[in-house]
Amino acid sequence: LAATGAMFPALGLAAIASAIPSVIRTAHHARSMQKVATAWPDALAVVRAKLGSGTSVRDAFNSAVRESDVLGRWGHELNGPDFEDALRALAGAIDDPLSDRVVATIAVAHRVGGSRVGAIIGGLADSVADEVRLREAHAAAITEQRLTALVALVAPWALLLLTAATNPQARLLYGTPTGGVVIAIGVVATVAGYVITHRTLRLTRMPRTFR
């Protein structure tokens, strides 16, 4: 209100600004899940090495998770007496489709045992590494689209703030009921654009099929 000098522009800008914490949380969660994904190849390499030295699947996996800088924060989920229950708790805590697949495959390897374990873990490690590379390529490919969408959503409001703050005639115009209607339409259009963009990006994410 101090910057724009009019009630309706201030309300419109406040409505848009109120979404910023949610956007920040969403971006933070996406970055966290990307870090988790990139941590699994190294963790599975540790599992393979420990299996080669005669360690059990449970001990090898638990050790690999707890030694990881990224995955170690969920290491306490593996403390349960039943390994498969502990794996399900780990998958639920991380909440990531790739982690679900890793945990499900580790559970299968634990049940199967014997000489097949090495082949199962090796195939898992290769497929996870391929998926991480695919995720990174996908993220790079849609970065430009995300920036374009962000500019399209934010630029009109930055222009409104600048205009209302520096142009007395525009401030008077936006302070009228007609100006309020225009701003309300802008808020609705911006919210709708954000929701559509967010849902469109969600279509590219892997579903959690192993829950």
Side-chain angles (χ1 to χ4, degrees), residues 23-53 55-78 80 83-150 196-211:
V23 173
I24 292 174
R25 284 194 301 269
T26 300
H28 178 72
H29 178 72
R31 287 194 298 270
S32 297
M33 291 303 98
Q34 183 60 28
K35 289 182 179 179
V36 169
T38 56
W40 278 122
D42 291 338
L44 292 174
V46 173
V47 173
R48 295 178 71 177
K50 289 183 179 295
L51 289 175
S53 63
T55 307
S56 67
V57 173
R58 176 170 188 166
D59 291 341
F61 184 76
N62 289 0
S63 177
V65 169
R66 289 166 178 156
E67 291 174 5
S68 171
D69 293 337
V70 177
L71 303 173
R73 57 183 290 197
W74 293 288
H76 65 279
E77 300 290 348
L78 297 170
F83 185 46
E84 295 197 19
D85 287 342
L87 289 175
R88 284 190 288 270
L90 176 68
I94 296 179
D95 188 23
D96 173 62
L98 179 59
S99 301
D100 290 342
R101 182 155 64 87
V102 170
V103 166
T105 307
I106 292 295
V108 170
H110 176 67
R111 287 196 297 267
V112 171
S115 60
R116 299 179 183 177
V117 170
I120 293 173
I121 300 301
L124 174 64
D126 292 340
S127 66
V128 167
D130 289 340
E131 183 171 328
V132 169
R133 286 192 291 268
L134 181 61
R135 280 192 180 194
E136 291 174 346
H138 172 262
I142 65 173
T143 297
E144 183 178 353
Q145 286 83 352
R146 285 178 171 173
L147 291 176
T148 301
L150 179 63
I196 292 172
T197 302
H198 186 65
R199 289 185 177 274
T200 301
L201 291 174
R202 287 179 62 183
L203 294 175
T204 65
R205 297 175 186 169
M206 180 187 299
R208 295 189 66 192
T209 55
F210 288 90
R211 284 184 296 180

Residue pairs passing the ring-ring contact (aromatic ring centres under 6.0 Å, His included) test where at least one lies in residues 84-136, sequence neighbours excluded: Phe83-His110
Least distance between heavy atoms, Arg48 atom then Ile121 atom: CG-CG2, 3.4 Å
Under 3.5 Å, side-chain donor or acceptor atoms of residues 60-67 against the rest of the protein: list the pairs with distances, not counting sequence neighbours.
residue	atom	partner	partner atom	Å
Ser63	OG	Glu67	OE2	2.8
Arg66	NE	Gly75	O	3.4
Arg66	NH2	Asn79	OD1	2.6

Test log, rule side-chain contact (heavy atoms from CB on, under 4.5 Å), inputs Leu78 and Leu87: CA-CA 7 Å; Leu78 297 170; Leu87 289 175; 4.1 Å; yes
Listed pairs under 3.5 Å, donor-acceptor, residues 31-45 side chains, sequence neighbours left out:
residue	atom	partner	partner atom	Å
Ser32	OG	His28	O	3.0
Thr38	OG1	Gln34	O	3.2
Thr38	OG1	Lys35	O	2.9
Trp40	NE1	Ser99	OG	2.9

Partners passing salt bridge (Lys or Arg N to Asp or Glu O under 4.0 Å) against Asp126 (at least two apart in sequence or in another chain): none
Which atom of Thr55 lies closest to which atom of Leu51, heavy atoms considered: O-CD2, 3.3 Å
Partner residues of Arg111 under the side chain to side chain donor-acceptor pair (under 3.5 Å) criterion, sequence neighbours left out: Glu84
Side chain to side chain donor-acceptor pair (under 3.5 Å) partners of Arg133, counting only residues at least two apart: Asp130
